[in-house]
There are 2 protein chains.
Amino acid sequence: MIDTDVQLAHFVEEMGLVFTEMGGSRMAGRVLGRLLICDPPHQSSAELAEALMASSGSISTVTRQLVQGGMIERIAVPGERATYFRIRPGMWAESVRVRMAMLSLMRGSAERGLELLASAPAARRRRLEEFRDFYAFMEEQTPALLEAWARKRAMEER
Amino acid sequence: MIDTDVQLAHFVEEMGLVFTEMGGSRMAGRVLGRLLICDPPHQSSAELAEALMASSGSISTVTRQLVQGGMIERIAVPGERATYFRIRPGMWAESVRVRMAMLSLMRGSAERGLELLASAPAARRRRLEEFRDFYAFMEEQTPALLEAWARKRAMEER
DNA sequence: CAATGGTTTCAGTCCTTACTGAAAGTTCCG
DNA sequence: CGGAACTTTCAGTAAGGACTGAAACCATTG
């Protein structure tokens with residue numbers, strides 16, 4: 001039916017909004033949304049621009065960001081000028097790894113704070129210690145979480 | 001020494017930047033940073049405004065947000081007009097719970113997408129299924145993670 | 001090597017949202 | 001109850017970043 005298209009567009013917009021909610025950019029969410037539902041699973045910049053009614057410029061910047069972030073990848077087809085993009089296999093695990101970098105940013109700040117209070121009474125240091133310990137804990141647990149996900153994936157797939 | 005103060009201010013600013021990086025607001029990061037290192041551990045709005053060189057207005061809005069998000073709490077002292085704020089015990093676990101709400105937002109979008117492709121071939125649905133499964137998995141694992149953190153905390157403390 | 005199809009770059013515009021400052025509101029005290 | 005200390009509200013401003021559109025760039029084909 002014809003209004004599947006408009007509903008899919010709606011889904012894409014929703015992804016844009018959810019992404020802004022999570023601190024990302026709207027267009028990045030839209031591109032990912034589109035690449036999640038399109039058929040075939042790869043799209044050229046021009047196709048994305050058309051489908052999302054966005055300028056070629058913003059598609060270019062946002063695809064670059066997503067490629068750098070490991071969320072999507074470029075595909076080249078011999079005898080074609082266009083370069084295509086598709087969801088990168090394993091992108092979800094990758095998104096967690098990216099997030100993990102932020103965890104260690106936080107932990108770093110906590111540690112720098114603790115250095116400043118190196119000679120302060122223990123009671124005053126406690127808040128920062130808990131802060132640091134929490135992010136250290138999260139960082140520590142993340143790899144196991146990703147492994148569990150990989151195992152689950154492997155089980156279900158084959 | 002006197003330049004501890006300027007270094008602490010530096011820490012506070014760093015927290016502001018890290019927070020923007022994570023999708024929060026700069027001032028929220030500054031307030032949390034300040035509340036992590038200040039002595040005593042509670043501060044009035046006016047004290048925060050002074051220490052952060054911010055307007056009383058922005059302190060008011062940002063403290064409200066942080067209270068609603070479970071990051072800080074209000075303290076009232078009898079016979080005092082000022083209301084004080086301090087880091088809420090357990091704020092780190094709370095921050096994960098807040099984040100978990102976003103996970104379920106994402107899963108919700110994935111599910112709505114899948115409904116749209118209900119009658120599409122399995123190959124086309126696969127990307128969305130992985131998307132949904134991933135966030136479902138994360139949501140599922142989070143409580144256990146928080147319990148592990150709580151246990152660790154309890155062990156070390158007493 | 002010119003022409004065409006496609007992508008990137010970049011300067012400028014627009015939109016959003018954080019922040020300010022002043023006025024209004026609240027709470028405690030004499 | 002009037003006044004002082006403090007906080008919240010709100011309209012307006014400022015700052016930052018996303019997006020556009022046009023021009024430059026690159027690659028493939030005749």
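Here is the naming used below: chain letters follow the sequence lines, and residue numbers restart at 1 for every chain.
Considering only residues two or more places apart in sequence or on other chains, B:Arg97 meets the salt bridge (charged side-chain N to carboxylate O under 4.0 Å, His left out) condition with B:Glu94. Qualifying salt bridge (charged side-chain N to carboxylate O under 4.0 Å, His left out) partners for B:Arg125, counting only residues two or more places apart in sequence or in other chains: B:Glu129. Residues satisfying the salt bridge (charged side-chain N to carboxylate O under 4.0 Å, His left out) test with A:Arg126, not counting sequence neighbours, are none.
Hydrophobic cluster membership for B:Tyr84: B:Ile75, B:Val77 (Ile, Leu, Val, Met, Phe, Trp, Tyr linked by side-chain heavy atoms under 4.5 Å, directly or transitively).
For the pair A:Arg74 CZ and D:dA27 P, the interatomic distance rounds to 12 Å; values are reported in whole Å. Note: OH (A:Tyr84) to C1' (C:dG5) measures 11 Å, nearest angstrom. In this structure, the CG atom of A:Leu48 is 14 Å from the P atom of D:dC19, given to the nearest Å. Counting to the nearest Å, the P atom of D:dT7 and the CD1 atom of B:Ile72 are 13 Å from each other.
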Can you give the donor-acceptor pairs under 3.5 Å from side chains of residues 131-140 of chain A to other protein atoms, not counting sequence neighbours?
| unit_1 | atom_1 | unit_2 | atom_2 | d |
| --- | --- | --- | --- | --- |
| A:Asp133 | OD2 | B:Arg153 | NH2 | 3.4 |
| A:Glu139 | OE1 | A:Arg107 | NE | 2.5 |
| A:Glu139 | OE1 | A:Arg107 | NH2 | 3.3 |
| A:Glu139 | OE2 | A:Arg107 | NH2 | 3.1 |

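In this structure, A:Ser60 reaches the bases: a heavy-atom distance under 4.0 Å links it to at least one base atom across the strands shown.
When atom types are taken as modelled, the side chain of B:Arg127 and the backbone of A:Leu35 share a donor-acceptor pair closer than 3.5 angstrom.
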Revision key, fill the gap. Heavy-atom contacts, protein to nucleotides 17-30 of chain C, under 4.0 Å, summarised as B (base), S (sugar-phosphate only) or - (none) per nt, yield --SBB-----BBS-
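At C:dG6, none of the side-chain N or O atoms of A:Ser45 fall inside 4.0 Å of OP1 or OP2 (strictly under the cut-off).
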